[in-house]
Trainee: 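Quick one: structure below, then a few questions.
For the single chain, residues carry numbers from 1 onward in sequence order.
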Amino acid sequence: MPPLPRQHSRGQHHYATPVTGTPLRLRISFAGSIYADTFGGLRLAVVHADRGEIDAVALDFVDHGTFHRRDEAHNTTVNSKQYGRFSVSRRPGKPPWEGAVTTGLRDAIEQYTAVWFPGAWAEPAPPRTAGRTAHKTPAPPTARSGGRAR
């Protein structure tokens, strides 16, 4: 993910269509906290194309251990503003979620989407193979001849 722009708002959402051909979409956005420009989790919502939001859940970073290692390494206390959160203005030039471990969040997202989008996680994406990587191919040598080329 690229770094968040400074003017990031709670209204910025990312959408996914876990199962094609259905009117349901998954909307993911950062869940704000009581502190300005600071986010404490993700908000997932199931959105119907005609009916709007059907269901939503908040996934707290603290509950899913997202910043546990980072906070432990920096001796961040549990009751501080930074514990289990990230701030968009915290470290210029670096992603604000640097140090996040997303395994717990990923598992929770998979569990939530399995209810609304059965089969969405049935087949994992195929792994990338080395053959699909772009390589520079050397140009063929040019042959000089005394005659004209046709």
Trainee: Would you say W116 and L26 make side-chain contact, with heavy atoms under 4.5 Å?
Mentor: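 Heavy-atom side-chain distance check fails, nothing below 4.5 Å.
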
Trainee: Do V19 and L24 touch side chain to side chain, with heavy atoms closer than 4.5 Å?
Mentor: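 Counting from C-beta outward, V19 and L24 never come under 4.5 Å.
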
Trainee: Do the side chain of T38 and the main chain of A36 share a donor and acceptor less than 3.5 angstrom apart?
Mentor: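 It does hold such a pair.
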
Trainee: Taking atom CZ of R69 as the centre, report whether more than 12 heavy atoms of other residues, nucleotides or ligands fall under 6.0 Å from it.
Mentor: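 12 or below, so no.
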
Trainee: Out of curiosity, Q111 CD to L59 CG, how far, rounded to the nearest 0.5 Å?
Mentor: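 Here the interatomic distance stands at 9.5 Å.
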
Trainee: Mind listing the closest non-hydrogen atom pair of F61 and F39 along with its distance?
Mentor: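 Smallest interatomic distance, heavy atoms only, reads CE1-O, 3.6 Å.
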
Trainee: State, to 0.1 Å, how close D71 and Q82 come at their nearest heavy-atom pair, and which atoms those are.
Mentor: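 So the two residues come closest at OD1-O, 4.1 Å.
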
Trainee: As an exercise, state the distance from OH of Y112 to CD1 of I28, rounded to the nearest 0.5 Å.
Mentor: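 Those atoms lie 10.5 Å apart.
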
Trainee: Consider only side-chain heavy atoms of I, L, V, M, F, W and Y, link residues closer than 4.5 Å, and tell whether F30 and V57 are in one cluster.
Mentor: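 Both belong to a single hydrophobic cluster.
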
Trainee: Taking side chain as C-beta onward, heavy atoms only, is V46 less than 4.5 Å from V115?
Mentor: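 With C-beta onward as the side chain, the pair stays apart.
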
Trainee: Looking at R27 and Y15, what are the two nearest heavy atoms and their distance?
Mentor: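 Between these two residues, the closest heavy atoms are CD-OH, 3.2 Å.
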
Trainee: Which heavy atom of S33 sits nearest a heavy atom of G40, and at what distance?
Mentor: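 Smallest interatomic distance, heavy atoms only, reads CB-N, 4.4 Å.
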
Trainee: Do you know which two heavy atoms are closest between A45 and R43, and how far apart they sit?
Mentor: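 Answer, listing the atom of A45 first, then R43: CB-NH1, 3.8 Å.
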
Trainee: Please work out which of the three classes, parallel, tilted or perpendicular, describes the rings of F86 and W97, given edges at 30° and 60°.
Mentor: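 Because their plane-to-plane angle is over 60°, the rings of W97 and F86 count as perpendicular.
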
Trainee: At their closest point, which heavy atom of G99 faces which heavy atom of R70, and how far apart are they?
Mentor: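 Where G99 meets R70 most closely, the heavy atoms are O-CB, 4.1 Å.
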
Trainee: Distance check, rounded to the nearest 0.5 Å: H48 atom NE2 versus R25 atom CZ?
Mentor: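 Separation between the atoms: 9.5 Å.
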
